2 protein chains.
Amino acid sequence: MSLLSYNLILKNINRFINLNQEEENFYVSLLTERKIKRKEFLIKQGQISKHDYFIIKGCLKVYTLDNKGSEHISMFAIEDWWTGDMASFISQQPGHYFIQALEDSIVLQISKSNFDLLFKQIPKFERFYRILYQRSLVSFVQRANQGISESAEERYLNFVKKHPNIINRVSQKNIAAYLGVTPEFLSLLRKKIVSV
Amino acid sequence: MSLLSYNLILKNINRFINLNQEEENFYVSLLTERKIKRKEFLIKQGQISKHDYFIIKGCLKVYTLDNKGSEHISMFAIEDWWTGDMASFISQQPGHYFIQALEDSIVLQISKSNFDLLFKQIPKFERFYRILYQRSLVSFVQRANQGISESAEERYLNFVKKHPNIINRVSQKNIAAYLGVTPEFLSLLRKKIVSV
DNA sequence: GTAATTTCTTAATGTACATTATTTTTCCCT
DNA sequence: AGGGAAAAATAATGTACATTAAGAAATTAC
């Protein structure tokens, strides 16, 4: 595991809790680095999710396929973000999500058993995840409401404003699958927006 | 604070962590009981949310008004559930949500300062909230996806299956505002479903 | 560097749901 | 218990977005 990876994840964690040198060493010992090429999968629908992931470099999408076979992206994960199929990881039951790399990527992963061990050995991590989940909840509640209350055009404009960096890295087809519209309709929206 | 309230919230907490007698006493000392009549508000949009709530009895709705003035319900809170405007409560900034009683209700509330104190005095509560938030996240991620990927009819049928008890207590107008459709369209859906 | 794929655009037609208005039913209040 | 208010049903018309199909542009792969 490279020094770069090590620094990035510890800096992420140190936003909320302070670890001493010994704790840092122990924590890092629970992680493994994994390289994944564009189009490869971290997990697939139906599998039990064995790991939780932190992105060091690259970009991935988390998505499901509905019964009609169409793709719904629930998040894009880029550098310094956490991702995974939480429901499957926690329950160790088959999951509903695919996680696929959109660019060659590097992630750090922690296994379920090491995740459990972590809380036993360094209870401070309860606090870290309490705060991390709390913040995630705030944005998911917001997104759940937006999904229901806003038009596709509003959702697109909000996404552009909030994640300009992602817009430039990800195809419109994927943006459409995130917004919950067809690529054709997104194309139409963009044309309309530009012409205004 | 009644013995009934006391037992219900401690039982809820003991699902995830074990408190000794002293800890239970301290925890309960941080709470206050509040009665609220049908149609009254716990919090209103624009206010800073001073408390987090646990429902002892009754039923409330958490909702926003969008810029067109229409109502979007993000959850119904009933007995043995937690609720609040988490974003506002945590940040102590003005919030976006209303919480209104649909029936005469009794809640236990904890203030922001007591919430902070709780983590200092009984760090086990980090674990409790870590697990609570983890579980909420799992269901919100699911709801965010359903909001985007399913038709109104599918969302209605899922809601009926998942929360049959709530269906019977809450008006169709409110169910419609939760599902993100008009009451007129929900009425049409129900007619169609019954006739099948 | 060029063929092969994939992505993006444009346009015609179709459908899920909104809006508005009216009537009927249920519920609430004193 | 009865009058008033809110909720629910029904129906006509309108709109946001889907679907299908075809061609143009951009990327990928060998």
Side-chain angles (χ1 to χ4, degrees), chain A residues 37-40 58-59 61 63 65-73 76 100-105 146-160 166-196, chain B residues 37-40 58-59 61 63 65-73 76 100-105 146-160 166-196:
Chain A
K37 288 216 173 287
R38 185 179 140 79
K39 296 195 176 176
E40 283 179 357
C59 181
K61 65 177 174 183
Y63 70 95
L65 295 180
D66 65 23
N67 39 26
K68 288 178 214 138
S70 51
E71 181 178 322
H72 300 276
I73 296 179
F76 297 105
Q100 186 182 26
L102 298 176
E103 307 170 359
D104 293 354
S105 302
Q146 284 180 353
I148 277 177
S149 72
E150 295 181 353
S151 69
E153 183 174 349
E154 288 169 319
R155 280 179 275 140
Y156 175 70
L157 290 172
N158 282 335
F159 186 77
V160 170
I166 292 181
I167 288 282
N168 297 323
R169 299 169 74 159
V170 169
S171 70
Q172 279 174 226
K173 189 187 157 198
N174 281 321
I175 303 286
Y178 176 86
L179 296 174
V181 297
T182 57
E184 293 84 351
F185 188 66
L186 177 58
S187 175
L188 215 139
L189 279 184
R190 283 164 48 86
K191 188 179 162 191
K192 182 184 150 203
I193 289 165
V194 169
S195 74
V196 168
Chain B
K37 289 217 172 287
R38 184 180 142 79
K39 296 195 178 178
E40 283 179 356
C59 181
K61 65 177 174 182
Y63 69 95
L65 295 179
D66 65 22
N67 39 26
K68 288 179 214 138
S70 52
E71 181 177 320
H72 300 276
I73 296 179
F76 296 105
Q100 186 182 26
L102 298 176
E103 306 170 358
D104 293 353
S105 302
Q146 284 180 351
I148 277 177
S149 73
E150 295 179 352
S151 69
E153 183 174 350
E154 288 169 319
R155 278 178 276 140
Y156 176 69
L157 291 172
N158 282 336
F159 186 77
V160 171
I166 292 180
I167 287 282
N168 298 324
R169 300 170 73 158
V170 169
S171 70
Q172 279 175 226
K173 188 185 158 199
N174 281 321
I175 303 285
Y178 177 85
L179 296 174
V181 297
T182 57
E184 292 86 350
F185 189 65
L186 178 58
S187 173
L188 215 140
L189 280 184
R190 282 165 48 89
K191 188 180 163 189
K192 183 185 149 201
I193 289 166
V194 169
S195 75
V196 169

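Source: prediction; values computed, not measured. Because only heavy atoms are used, hydrogens play no part in the values below, and waters and symmetry mates are left out as well, while side chains stay in. Residue numbers begin at 1 in each chain, while the letters A, B, ... track the order of the sequences.
Between B:Leu102 and B:Asn174, the shortest heavy-atom distance links the atoms CD2-ND2, 3.6 Å. The shortest heavy-atom contact between A:Ser105 and A:Gly58 is OG-CA, 3.4 Å. For the pair B:Cys59 and B:Val170, the tightest heavy-atom approach, listed with the atom from each and the gap, is SG-CG2, 4.0 Å.
By the side chain to side chain contact (heavy atoms under 4.5 Å, CB included) test, A:Ala152 pairs with A:Arg155, A:Val181, A:Phe185, A:Leu189, sequence neighbours left out. Residues satisfying the salt bridge (Lys or Arg N to Asp or Glu O under 4.0 Å) test with A:Glu40, not counting sequence neighbours, are none. Under the rule for a ring-ring contact (aromatic ring centres under 6.0 Å, His included), the partners of B:Tyr178 that lie at least two apart in sequence or sit in another chain are B:Phe76, B:Phe159. With sequence neighbours excluded, the residues that form a salt bridge (Lys or Arg N to Asp or Glu O under 4.0 Å) with A:Glu153 are A:Lys192. Every residue was checked against the side chain to side chain contact (heavy atoms under 4.5 Å, CB included) condition with A:Leu188, not counting sequence neighbours, and none meets it. Take B:Leu65 and apply the side chain to side chain contact (heavy atoms under 4.5 Å, CB included) test, not counting sequence neighbours, and it matches B:Gln45, B:Tyr63, B:Glu71, B:Phe98. Checked against side-chain hydrogen bond (donor to acceptor under 3.5 Å, both in side chains), B:Gln100 has no partners two or more places apart in sequence or in another chain.
Whole-Å rounding puts the B:Leu186 CG to D:dA7 P distance at 14 Å.
For the segment residues 171-184 of chain B, residues with any heavy atom less than 4.0 angstrom from an atom of DNA chain C are, sorted by number, B:Gly180, B:Val181, B:Thr182, B:Glu184.
If B:Arg190 and A:Arg155 are placed on DNA chain D by their nearest nucleotide, the residue sitting closer to the 5' end is B:Arg190. Both A:Val170 and B:Ser151 lie close to DNA chain C; mapped to their nearest nucleotides by heavy-atom distance, the more 5′-ward contact belongs to A:Val170.
A side-chain donor-acceptor contact under 3.5 Å links A:Asp104 to the backbone of A:Arg38.
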Hey, what are the protein-to-nucleotides 23-30 of chain D N/O distances that come in under 3.5 Å?
from: D:dT28; atom 1: OP1; to: A:Arg38; atom 2: NH2; distance (Å): 3.4

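For the helix from C:dG1-D:dC30 to C:dT30-D:dA1, the end axes, each set by the C1' atoms of five terminal pairs, are bent relative to each other by 70° (nearest 10°).
Residues in residues 169-190 of chain A take part in these salt bridge (Lys or Arg N to Asp or Glu O under 4.0 Å) pairs, two or more places apart or across chains: A:Glu79-A:Arg169, A:Glu103-A:Arg169.
From A:Leu186, atom CG reaches atom NZ of A:Lys191 across 13.5 Å, with rounding to the nearest 0.5 Å.
Put simply, chain B comes within 4.0 Å of DNA chain C, heavy atom to any atom, from C:dC17 to C:dC28, going 5' to 3'.
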